[in-house]
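First comes the structure, then the notes that go with it.
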Amino acid sequence: MLLSASPPVQANGDTVLVFGDSISAGYGLDQQKGWVHLLSEKLTRENLEFQVVNASVSGETTDGGLLRLPKSLEIHQPDLIILELGGNDGLRGYPVGRIKKNLGEMIELGLDAGAQVLLIGMVLPPNYGQRYTKSFEAVFAELAEQYDIGFVPRLLEGVETRRRLIQRDGIHPTAEAQPLILEDVWPALKEQIKATTSIEARSS
């Protein structure tokens, strides 16, 4: 599923590529209510010339993301990448080392393509066991530190998220939760936007 959250790229605009799973693909929601679309609207209100491209796929794992990312980078040539993957890997109990390796390779691909990367952290329900859960959740902070990239530790309140903000499946956020997700992402993204515009000003 490839969803464009704004009009076609303008020659003088920059691109934010949202590369995630069902959380960013807006599973179970009208796409106009998803946090990625809300991000596009916010950038417009802030008079920031960034096009938002949503290349998120429901059910995506880091294995699939790693296969898809090179083509997405080639097509969209993003200036910023919001990487929101790993949750499905964790829910399926994939080895933590494999998840970390895949995410690390995707981060490197983005950085090598000249984009800034904002990594979104993931959490798991406690029934996955303390050892696995802690190891899984630590991966994201470790990668953010290793590559010195933007980082959002978790979306909403993690496993403590209020029930009314989660759909009946017990996993996906409701429409009501979408503005709150944007609130979680925006501060870190705003810092990267400032850095991006500063770099462009120095190179012009």
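Throughout, residue positions are numbered sequentially from 1 according to the sequence presented.
A salt bridge links R68 with E60; the closest basic N to acidic carboxylate O contact falls under 4.0 Å.
Rounded to the nearest 0.5 angstrom, T44 OG1 and E41 CD are separated by 7.5 Å. Note that the CD atom of E105 and the NZ atom of K101 stand 3.5 Å from one another [nearest 0.5 Å]. Separation of atoms CD1 (I107) and CG (D112) is listed at 11.5 Å; rounding is to 0.5 Å. A distance of 10.5 Å separates CG in L118 from CD in E84, rounded to the nearest 0.5 Å. Note that the CG atom of L66 and the CG atom of L109 stand 6.5 Å from one another [nearest 0.5 Å]. Here the CD-CG distance, from Q51 to L17, works out to 9.5 Å after rounding to the nearest 0.5 Å.
In the hydrophobic cluster analysis, where Ile, Leu, Val, Met, Phe, Trp and Tyr join through side-chain heavy atoms closer than 4.5 angstrom, L29 is grouped apart from V18. In terms of hydrophobic clustering, with Ile, Leu, Val, Met, Phe, Trp and Tyr side chains grouped at heavy-atom distances under 4.5 Å, Y27 and W35 are assigned to different clusters. Residues L80 and L39 share a hydrophobic cluster, clusters being chains of Ile/Leu/Val/Met/Phe/Trp/Tyr side chains in contact below 4.5 Å.
Judged by distance alone, the side chain of D184 and the main-chain N or O of L156 form a donor-acceptor pair under 3.5 Å. Panel note: side chain Q178, backbone T174; a donor-acceptor pair is recorded below 3.5 Å. The closest donor-acceptor contact from the side chain of Y128 to the backbone of R92 lies at 3.5 Å or more, if one exists at all. Distance alone, capped at 3.5 Å, places no donor-acceptor pair between the D21 side chain and the L85 backbone. Using a distance-only test at 3.5 Å, with no hydrogens or angles considered, no donor-acceptor pair links the side chain of S40 to the main chain of V36. At least one donor-acceptor pair closer than 3.5 Å links the side chain of E137 to the backbone N or O of L124.
Between T62 and Y94 there is no side-chain heavy-atom pair separated by less than 4.5 Å.
In this structure, a donor-acceptor pair under 3.5 Å is present between the side chains of S56 and N54.
Ring pair F140/F136 is perpendicular by interplanar angle, where above 60° counts as perpendicular and below 30° as parallel.
The heavy-atom pair separating Q192 from Q116 by the smallest distance is O-NE2, 2.9 Å.
When the options D63, T61, D89 are evaluated for a side chain to side chain donor-acceptor pair (under 3.5 Å) with R98, the one that passes is D63. Under the side chain to side chain contact (heavy atoms under 4.5 Å, CB included) rule, L143 has a single partner from I99, I149, V117, L103, which is L103.
Few gaps surround OH on Y147; more than 12 heavy atoms of other groups in view lie less than 6.0 Å from it.
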